[in-house]
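Atoms within a ligand are numbered from 1 in the order they appear, just like the ligands themselves.
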Amino acid sequence: QGDSADFDEEVASVCPFCGVGCQVSLKVKDGKVKYVEGLNGPANEGRLCVKGRFGFDYIHHPHRLTKPLIRRDDAPAKGLNVDPGDLLTHFREASWDEALDAAAKGLQDISGQGVAGFGSAKCTNEEAYLFQKLIRQGFGHNNVDHCTRLCHASSVFALVENVGSGAVTATFNEIENADVAIVIGCNPLENHPVAATYFKQFTQRGGKLIVMDPRAHGLSRFATHTLQFKPGADVAMLNAIMATIVEEGLYDQQYIDAYTENWEAEKTHLANFKPEDMAEHCGIDADTLRAVARDFAGAKAGMIFWGMGVSQHIHGTDNSRCLISLALMCGQVGRPGTGLHPLRGQNNVQGASDAGLIPMFLPDYQDVTDPEVRSHFADMWGDAIAAEKGLTVTEILDAVHAGRIKGMYILGENPAMSDPDVDHARAALAKLDHLVVQDIFLTETANYADVVLPAAAFYEKAGTVTNTNRQVQIARAAVPAPGEAREDWRITTDLANRLGLQWDYTHPSQVFAEMKLGMPSLNNITWDRLEAEGAVTYPCPAPDHPGEAVVFGDGFPRPEGRAKFTPAAIIAPDEAVDDDFPMVMTTGRQLEHWHTGSMTRRASVLDAVEPEANCSLHPRTLRKLGLSPGQDIRLISRRGEITIMARADRAIAEGMVFVPFAFVEAAANILTNPALDPFGKIPEFKFAAVRVEPA
Ligand code: SF4
C-alpha cells in the first residue's frame with residue numbers, strides 16, 4: 001500500500017479471481033498497476049484476500065503473449081513441450097490479419113459439426129455472449145461449453161429441476177440474517193476467503209455454523225458441529241438428517257403445502273435412511289446427525305452453502321437435490337437469512353452461464369430445443385439456430401478421439417490442465433486438425449495450438465461480470481494491453497467477420513444492449529446504471545431498485561409456482577479402493593493459487609508464498625507408510641502417476657490425500673477419474689483411488 005504520491009490514477013474494477021466478486025481500486029503509475037485496495041462493493045465492503053490484494057502483477061509478466069503466433073511448418077510434434085521463453089522454435093510471429101485469416105480458414109475448412117468451442121468464465125459477460133453466438137451462428141450447432149461443466153453443472157441441473165432457476169436464491173451476505181448455516185463440500189477460507197469473513201462474523205454474533213466435509217478445514221474452528229463424513233457418503237448423511245426431521249415431525253408442513261410438490265414421495269423415501277442405519281456408512285454417529293437435523297429444522301432462518309465437494313461426484317446432482325429438499329422441508333427459502341447458495345468458483349462463471357456458454361441453453365438458460373426460444377434468437381441474429389443440444393466439455397474431447405470433432409476454438413480455458421484424466425485430454429488436443437487458442441499466456445493448452453491469439457488481461461479491458469450473488473458489476477480497463485494483445489470481444493468479432501458474419505461491435509456496451517434483448521434477467525439493468533452504481537443485482541424489479549438479494553418468497557419459477565422434492569438414492573463412487581489402490585485422492589484449490597496456475601504462478605507474491613507442488617496427508621497416514629513431511633512421494637491411480645512433495649495436515653482424514661491442481665509439474669488431473677454425473681455431466685474429481693509410494 002502507499003499514498004496518492006505513489007500512483008497517477010485510480011481505476012475501479014472487479015477482482016479477476018473467484019466468484020465472490022470483490023470490487024477493487026487499482027492504483028496505476030506509468031502504465032502499470034502498482035498496488036490494489038478493496039472498494040466498498042456489495043460483496044466485499046472493502047475487504048480483499050491475498051489473491052485480490054497481491055496477485056495482480058501477472059499482467060506485467062514477461063511471459064505475456066504480445067503478438068499473434070502461427071505454428072511453424074517445421075515445428076516439433078505437438079505436445080506439452082513449448083518453453084515459454086523459446087516460443088519461436090514452435091511458432092512464428094504473424095500479423096493480426098494473417099493470424100485471423102489462418103484461424104478462420106482452418107476452422108471453416110472443417111466447419112459444421114466438426115468444430116467445437118470452449119469459452120471462458122474468466123472473460124466478461126459480453127465476451128461469453130459473443131463466443132457462444134459465434135459458435136452457434138458461425139458453425140450452425142451448439143457444441144459450446146465452458147468450465148461450469150467442471151464445477152457446478154450438477155448443482156445448476158438440480159436447482160433448475162427443483163426450484164426453476166440455476167442461480168443462488170440468496171446472496172451470501174444474507175448470512176447476517178441467519179441463525180444457522182450449513183457449509184458443505186467447500187473450503188471458503190481458501191476458495192472464497194472474503195465470503196468466509198462474513199461466515200466467521202456470523203458465528204461471533206452467535207450463529208450456529210455446521211461444517212460438513214470429508215476434509216476438515218479452517219472454518220471448523222468456528223463451527224458448532226463439524227461432520228467429517230466418509231468421502232462419497234453425502235447422500236446417506238443428508239438423507240439421514242432429513243429422515244430425522246421427518247421422524248421427529250420437525251418439518252414445516254405449512255410451507256410444504258403452499259410451495260412444494262412431491263413431498264409424500266420424499267417422505268416415504270426417507271423412511272429407509274434412519275440415522276442409526278446410516279451412521280456407519282457415512283462415518284457420523286446417529287446422535288450428531290440428529291442434533292444437526294434439530295438445529296437446522298429449528299432455526300428461524302437457515303442457509304445452505306456448498307461447493308465442489310458436493311458437485312464433483314457422479315452423484316453430484318443427487319447431492320444437490322438433497323440440499324434443496326432439506327431447505328424446502330424446513331421452509332428455509334425465500335425469506336431474509338434463508339436460502340440455497342452454491343458458491344460459484346470463477347469470477348464470471350455465473351455470468352458466462354447466464355450468457356449462454358452452455359450446449360443445451362441459449363442465454364438465460366432458455367432451452368435450445370424449444371422452437372419459440374430459437375426463433376427469438378434467430379430473429380435477433382439473422383440466422384437459424386440448430387435444434388439439437390451440443391456436446392459438453394468432456395464429450396467434446398471424447399468426440400475428438402472418435403474423429404467427430406476436428407477443430408476447436410478455445411478462449412481462456414486450459415483443458416490440458418483442468419480436465420479429468422488429463423493425458424486423455426492432451427492426446428485429444430494433439431489430434432485436432434486445427435486448434436485456435438486465445439489467451440494471455442502460452443498455457444499448456446496453447447502448447448497444442450495451430451494459431452495463438454494474444455488477449456488482453458482482465459485489468460486491461462472493460463465489461464460486465466456477474467458474481468456468485470447474482471450481482472452484475474462493471475470492470476474497467478486500468479492499463480493498456482502489452483504489445484499487440486487485444487480484448488477478447490474484439491478478437492472474437494474479427495474472427496466472426498472472417499467467417500462471413502457481419503458483426504459491427506465497437507464497444508462492449510453495444511453487446512450488453514443486445515444481450516438485454518434476449519435476457520429478461522437483465523431487465524432494469526443498463527450499462528449506464530452499472531457505470532454509475534458499480535453493481536446491480538438481478539432480478540431487478542425497477543430502474544431505481546438495487547435488485548433482489550433474496551428470491552422466491554412468493555413461489556418458484558416452476559409449474560404452479562411450486563418447488564419440487566426429488567428423492568435421491570445412494571450411489572457409490574465410480575471406482576472403489578482396493579489392495580492396489582487403497583487410498584482416496586481428492587483435488588481442489590489452495591488459497592494462493594488459482595485453478596491451473598497460469599495467472600497466480602506468475603504473480604510474484606503468491607508464487608513466493610506457495611512455490612512448489614505439494615499434497616497433504618494426515619501425519620498418521622504418513623507414519624504408517626514410512627514417509628516424512630517434505631519428502632517427495634509418488635501418487636499412482638488407475639490412469640497415471642505423479643511425483644509430488646508431501647505435507648502433513650491433521651485436517652485430512654486418514655486414508656485420504658488432497659492434491660491441488662495448479663501445478664503442471666505434478667498435475668493432479670493425470671490421476672483423476674473422468675466418470676460423469678449422468679445429469680450435470682460433471683466428472684468425479686473428488687474421488688479417485690490411489691496408491692502412495694516413496695519417490
Ligand atoms: Fe478476489 Fe475472491 Fe479474494 Fe475477493 S475473495 S479478493 S474476489 S479472490
Within less than 2.8 Å, report the number of protein N/O/S atoms around atom 1 (Fe) of ligand 1. 1

Charged N-O contact under 4.0 Å between R601 and E665: yes

Regarding R64 and the six-membered ring of Y58, is the cationic atom NZ or CZ under 6.0 Å from the ring centre and inside 45° of its axis? no

Sorted by first residue and then second, give each side-chain hydrogen bond (donor to acceptor under 3.5 Å, both in side chains) pair with at least one member in residues 165-184; sequence neighbours left out. N173-N469, E174-N177

Is the cationic atom of R589 (NZ for Lys, CZ for Arg) positioned less than 6.0 Å from the six-membered ring centroid of F661 and within 45 degrees of its normal? no

Which heavy-atom pair separates I642 from A666 by the least distance, and what is that distance? CD1-O, 3.7 Å

Would you check if the side chain of K51 reaches a backbone N or O of H593 as a donor-acceptor pair within less than 3.5 Å? no

